[in-house]
Every structure is written in structure tokens, then in C-alpha cells.
K.L.:
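The following block contains the structure, expressed as C-alpha cells.
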Amino acid sequence: MKLRLILLFLVASATAFAQAPPTYDVLIRNGKVVDGSGNPWTSADIGIVGDHIAFIGHAAPAVTAKRTIDAKGLIVAPGFIDMLGQSEQNLLVDKQAVSKLTQGITTEITGEGESISPQNARLIENAKDWTQHFHVTIDWHSLDEYFRRLEKQGSGINIGTYVGATQLRRFVVGDDDRAPTADELKTMQEMAEDAMQEGAMGVSTSLIYAPAFYAKTDELIALAKIASQYGGIYASHIRNEGDHETEALDEAFQIAREANIPVEIFHLKASGRENWGKMRDVIAKIEQARAQGLDITADQYPYVASATSLGASIPPKFHAGGTEAFMSRLKNPAERDAIRLELGGNDPNKFENMWRGVGGPEGVMVVSVLNPELKQYEGKTIAEIARLQKKDPFDALMDFVVADHNNTGAVYFSMNEQDVRLAMQQPWVSVGTDYGEVNPVGPLGESKSHPRAYGSFPRILGKYVREEKVLTLENAIRKMTSLPAQRVKLEKRGMIRPDYYADITIFNPDTVLDVASFENPNRTSTGIEYVLVNGVLSLEHGKVTGQLGGRPLRGPGYMGRGAAPDGLRPKGKIVGIVTSPDGWALTRATITLTDATGKILATTTSKREGAYELVTDVACNGCKLTAERLGFGKQEKNVDYNGSNSISFSFVLTPEKRTAKR
């Protein structure tokens, strides 16, 4: 009888164990999964453990999770990837990334010509208008140092960056209109190599702006060759997107060919009223290059207006020497006359005349300033400002740039809708906001913006997918996810697959839409319901949760990839064995790590053969590592530990002396 009861107990226990449902941190049920591949949606549940996707399929009703999201009627997609974002500095002001998360963006690639590193004293001084205004201290010099700062403070989104050719040029050459010497170019190449080893995605340029405009093609090829050696790409705001776009594309193709490197064309457009309708020619030229074996792709934002500085409307040659030299020229009557003459006609040096391209002062709108005395003019065109100030539009333009010390942001109405739609339909065009993360409230909401900052991705899903059917839903999501992930070689991102990082965006296909406008741009989009960044629920019911799941993302040349594949600082271990004085292993000893205040940082017990392992990335100096076991004396060791490099400490515990009973 007793044997029968024991057998029944064992069978029941085994059955219960076999049927015990898995437990997930997050379980997404009942959604339509669009996995990023371009394939049709499927009905599936998704289980997440930690920062990875652990399960895709139909979860049994008994399956449990710490948090379950009912996605009935919703689309479950990979987190969106902003192929050009500009948030590297803004994240140091507001780490929440509200305008990104509310679009479904989980990852941003940034660094358009200028980049977050390298830094030196001159560049830090040049940035002081912005850094002082927003109370940011530039305390890094290299990309690795910046990433460590970002990792320490936290971020709402993942971020990867190019190293900017402009940044390298300004670091070494300055703002002068000249070619680098052979030694200077060698230094720039060495710095590019350092950045690639530290995790840059490639080398980028922004060739319509000074001082990038001064760089010749051979200089760019030399830097692109370094990126190519480390598996990176060359990403470019090409030298001209208007009257001379054909020649600018030829230069990009030459760099692709001679540096043997893939090329990404930033924010593809046909700019300037004289060029409306030429997108078909631009596409044909890129298709021809691809047919010849050149790996050319592009990205775009879905709006008919661009955005950049107001000062960028003035030809690059007047910017030579830096900001103070530029300000001096704008105050000089003879120089102002020369600027007026060039803006009114065609320049033989082929600079992109944005002023003429938008039809003059009516086509340029001021959206952001640093000088508080100029706040009243945000949202007004230069034509309106000129009328209010009773000035000639050219004088109003130049006076405004001087008054704001060349810190004014502006919108340029330079494109037409047909060209935007045609570019969007190309299979090699991904999506980029070309705007830093902002927030309707707080310091990043004190100025107006471009509506693309808040609405680019929902605008495509609402206007161009649901309403106008320019794209299918699956194709649009492919452009927002797997296409950019493939382009910059983001491992295990951009698709919904088992063991991929849990970057997931869940949205309502019937309501998703941008609501930001040029008149009222600081408005978050609707219809994005949930966003998870590396498994962290960062957006819930359309509201940012404040939980920070973002992390730095390193490029293919990252030198530490073997030790830290995800680019994060590796977690160290404290390991060792515990024995008796005669060498016998002691199991069940308690090992505890405490900081200088006595706070417990980690604890574990010794296992077979007396081995123990404490896994923790918490750094501490003056810590204590303690081993104790019943029947043995406690032993302590002083420890300095950086949280990354593993260290080993072994313990020999002495048996306690027992007092004989009488």
C-alpha cells in the first residue's frame, strides 16, 4: 500500500512538473504580428524574458507572465528604427525621448557630418551657446566616453552614431576653407579608425554646410576607406539636393566605388521649386548605380519641408573661419551686398541656393531660437518678420542670424508631394525623422519644431498606408525596421524573431496618425499604444512610463565585441572556492559583497567543489567580501572592483572550536 502511494505521488509530481507553464516577464497576446520581413501579418503571442524575445506562437491559457498585454485589434511590430535622428545631445537634456517613443521609435542612428565625438577644447568652446543654455557639460572626448556617460544616465531609446567627417575636419583643420595637409589627413584617418573601433556605424558627411562644403572628394574617399575596413558605411547629406543633384550623386557613387563601401543618401529629396518633378530622374540614377553593383540606399521623412539652421541659407564661403568670422561678415555692408547678389542668382561654385529654391522669404519659417528676445518670431516666415520689423527681407534674414548668433532653426518649404510619395515607394528607402528628440514640456519644448520630430512614422502609417494606400502595411513596417537594421548591421534587431532583442511597437492601425502641424508642431502622435525597448515597457496606452530601456549600440568594427557582443560594458564576476584548512571543499558557504556603508550588493552560496560565483556590474571601492558557514569562523577580504573585470578570491574557513560539555 505504501509503495502504491509513493508511486502515485511520483507520477502526480512528474505530471505537474511537465505541465507547469513557462513564466515570462511580458506576454503579448492576441496581436497581429507584422514581423518586419515584409511578409503578411500572422496571429501570434509573444513571450519576453529579460531583454530578449523568448517565444512566438500561441500561448496556452495557463501560461503566465509578470505583465500581460492584450493586443487584440492591434499590430505588433518590431520597434521602429529612425535612420537619421539627431538626438545625441538632446538625450543629455531630457533622457525620456518622448517624441521618439510616441512614434514607436526604439532605436535611432545619428551623426550627420557633425557627431558627438571626437571633442577637443576648441569644439567644446564653439558649442557653448547651446551647452550653457541647456546646462550640459561636455565631459567626454571619445565616442566610448560618451557612450559610457549615456549608459550611466540612462536613455529612453537605443542610439548608434556615425563619426562625422565634419567633426574630424573641425577637430584637426578648424573652420578654414582649405584642404588638410598630408599629416592632418593622416590624423583624421587615425581618429576615424579610433571611432570605428569604439563602435561608430561608419563615416558621415553633410556637404552643403560649412566647413564640410570645403572638403574635396579625395578627402572623403580617404575617410570612407577607413570605415570600409571596419564594415561600416558612408552616409551623406550630399553636396547638392537641388539644381546640381546629379553631380552630387555622382560624387557619392565615386566614393562608393573607390572606397568599396555601401552608401546611404540622407533624406532623399528633389529640392527647390525649379526641380519639382525630378525625383523620377534621381531614382533612375540610383537604380542605374545599383544595377552596376554599387550598394546605394537612402532614407526620407514624409514632409514637403526640410529643416536646418537659418544661417545655412547663406552661401558656405561666407562661413569660413567659424561663427565669429561669419558674424563679422554679416555686419559688413560690402559682404552683405555680396550675399544678397549670390542669393538672388546662380552661383558658379554650385552651392545649394535654398533661399531661391523656396521662392524667397515666404518659403522660410523660423521655428526655434536661443535668444529669448526673438521668441515672438517663432512660427513666422522671414517675409512676415521683415514686415513686422519694417525691413527688406534680405536685411531681416541677416540681422536675425546675427541677433541669434547663428543658433536659429528654420523650416524650408522646398519640396512637392508627388516627389515625396515617389521616393517613399522605392524598396531601398527607409525612414528618418532628421530631428532630435523633443518634448512638448520641459526645456526641449520651449521652442517650436518641425512636425517631423513628432510625426514621421505615424504619418506614413496613417496617411500613406491607411488613407492613401501608397504602401502596404507590411512594406511600410519593413522600411521602418529590418531595412535600416540590415543597413547598419544591427544584430538581432529590426525583426520579431526568437532570441532577438525585445524592441517592440504595438499600435492601432485604425487610429495611428500624426497630429503635429507646421503651425502647431509640438504635439505627440496618436495610435501608438505600447512600446518596449529591450524588454522595458517604455510607453503604455500612449503615455511615456519613465522607465529607461535604451542603450548605446555599437557598430560592426567595435573592438570589444568579443567580450561584449551587445556593446554594453561587460558584467564582471567575483569567483573563487571555499575550503577547509586541509583542502576539503565546503559547500553551502554564504558569500556576501557589501559596500563601504555595509549595504549588501550581491550574495550567493558555494556549490559543488566549493565553487562560488557572484555576477554583478556594480562597481565599488573599499568593499568587503565575506564568507561564512555554520560551524566555521567567518572570513573577510577587502575588495576594489570595477564591475567589469572579473576577479578571484578564495577562502579557507577554520572550524570553530567546540567547548566540551561536563
Side-chain angles (χ1 to χ4, degrees), residues 81 83-85 88 107-119 142-144 146-147 159-173 180 184-207 211-212 215-239 248-249 251-266 289-290 293-299 428 430 432 483-491 552-561 567:
I81 299 172
M83 197 57 175
L84 177 60
E88 60 270 39
T107 296
E108 174 186 301
I109 309 301
T110 188
E112 183 190 4
E114 291 185 303
S115 55
I116 201 67
S117 69
Q119 297 284 352
S142 68
L143 178 57
D144 187 65
Y146 167 75
F147 273 165
I159 190 164
T161 183
Y162 305 104
V163 59
T166 304
Q167 194 78 8
L168 300 173
R169 181 175 240 276
R170 295 184 73 203
F171 190 106
V172 177
V173 178
E184 287 173 334
L185 182 58
K186 182 180 179 182
T187 299
M188 291 166 66
Q189 288 179 299
E190 290 173 349
M191 295 173 72
E193 186 168 15
D194 288 344
M196 292 301 299
Q197 290 182 350
E198 291 174 357
M201 300 289 175
V203 168
S204 66
T205 57
S206 50
L207 297 175
K216 305 303 182 186
T217 307
D218 58 351
E219 176 183 330
L220 306 179
I221 292 171
L223 296 176
K225 284 181 176 180
I226 301 299
S228 177
Q229 292 172 13
Y230 288 89
I233 71 172
Y234 172 76
S236 182
H237 180 157
I238 57 177
R239 203 174 292 271
L249 286 170
E251 180 183 40
F253 300 161
Q254 180 184 352
I255 294 168
R257 189 177 297 108
E258 296 191 22
N260 189 29
I261 193 169
V263 169
E264 175 79 7
I265 306 296
F266 283 143
R290 288 179 59 82
L294 297 181
D295 188 358
I296 312 294
T297 57
D299 51 73
W428 36 264
S430 58
L483 176 60
Q486 172 186 297
R487 193 55 174 162
V488 292
K489 300 180 180 177
L490 297 180
E491 294 184 357
L553 300 182
R554 314 260 185 169
Y558 176 48
M559 59 184 175
R561 189 165 300 281

K.L.:
Closest approach of S206 and E112, non-hydrogen atoms and distance?
P.N.:
OG-O, 3.5 Å

K.L.:
Show the numbers, then the answer: is there a side-chain contact (heavy atoms from CB on, under 4.5 Å) between I233 and T297?
P.N.:
CA-CA 11 Å; I233 71 172; T297 57; over 6 Å; no

K.L.:
Side-chain contact test, heavy atoms from C-beta onward, threshold under 4.5 Å: evaluate it for M196 versus Q229 and give yes or no.
P.N.:
no

K.L.:
Considering only heavy atoms from C-beta outward, does the side chain of Q119 approach that of Q167 to under 4.5 Å?
P.N.:
yes

K.L.:
Could you tell me which non-hydrogen atom of Y162 sits nearest to which non-hydrogen atom of V488, and how far apart they are?
P.N.:
OH-CG1, 3.7 Å

K.L.:
For a side-chain contact (heavy atoms from CB on, under 4.5 Å) with M191, tell me which candidate from V163, I226, V172 qualifies.
P.N.:
V172

K.L.:
Shortest non-hydrogen contact from P180 to R169?
P.N.:
CD-NH2, 3.6 Å

K.L.:
To the nearest 0.5 Å, how far apart are CD1 in I109 and CD1 in I81?
P.N.:
7.0 Å

K.L.:
Distance-only, no hydrogens or angles: does the R487 side chain make a donor-acceptor pair with backbone N or O of V263 under 3.5 Å?
P.N.:
yes

K.L.:
Does D144 offer a backbone N or O that forms a donor-acceptor pair with the side chain of E198 under 3.5 Å?
P.N.:
yes

K.L.:
Examine distances only and state if a side-chain atom of S204 and a backbone atom of G111 form a donor-acceptor pair shorter than 3.5 Å.
P.N.:
yes

K.L.:
Side chain of S117, backbone of L143: donor and acceptor closer than 3.5 Å?
P.N.:
yes

K.L.:
Can any side-chain N or O of S228 pair as donor or acceptor with the backbone N or O of A259 at less than 3.5 Å?
P.N.:
yes

K.L.:
Could you walk me through whether L483 and M83 satisfy the side-chain contact (heavy atoms from CB on, under 4.5 Å) test, starting with their C-alpha distance in whole Å, then the side-chain angles of each, then the deciding distance to 0.1 Å, before giving a yes or no?
P.N.:
CA-CA 10 Å; L483 176 60; M83 197 57 175; over 6 Å; no

K.L.:
I want to check something: taking the side chain as every heavy atom from C-beta on, are E193 and Q189 in contact at a cut-off of under 4.5 Å?
P.N.:
no

K.L.:
Hey, mind stepping through E88 and T161 against side chain to side chain donor-acceptor pair (under 3.5 Å) and telling me if it holds?
P.N.:
CA-CA 8 Å; E88 60 270 39; T161 183; 5.4 Å; no

K.L.:
Could you tell me if E251 and T217 have a donor-acceptor pair between their side chains, going purely by distance under 3.5 Å?
P.N.:
yes

K.L.:
How close do Y234 and L207 get, heavy atom to heavy atom, and via which atoms?
P.N.:
OH-CD1, 4.0 Å

K.L.:
Has the side chain of Q197 got a donor or acceptor atom that lies under 3.5 Å from a matching backbone atom of G557?
P.N.:
no

K.L.:
Of the non-hydrogen atoms in L553 and M201, which two are nearest, and what is the gap between them?
P.N.:
O-CE, 3.5 Å

K.L.:
Measure the spacing between CG of D295 and CD of E264 and express it to the nearest 0.5 Å.
P.N.:
9.5 Å

K.L.:
From I255 CD1 over to N260 CG, what is the distance, rounded to the nearest 0.5 angstrom?
P.N.:
13.5 Å

K.L.:
Rounded at 0.5 Å granularity, tell me how far CG in L223 sits from CG in L185.
P.N.:
6.0 Å

K.L.:
Is it true that a side-chain atom of R290 and a backbone atom of I296 form a donor plus acceptor pair closer than 3.5 Å?
P.N.:
yes

K.L.:
Do you know which two heavy atoms are closest between G164 and S115, and how far apart they sit?
P.N.:
N-OG, 2.9 Å

K.L.:
Quick check for you: to the nearest 0.5 Å, what is the distance between D218 atom CG and L220 atom CG?
P.N.:
8.0 Å

K.L.:
How far does CD1 of I261 sit from CG of L294, to the nearest 0.5 angstrom?
P.N.:
12.5 Å

K.L.:
Going through the distances and angles, do I265 and L249 end up as a side-chain contact (heavy atoms from CB on, under 4.5 Å)?
P.N.:
CA-CA 9 Å; I265 306 296; L249 286 170; 4.3 Å; yes

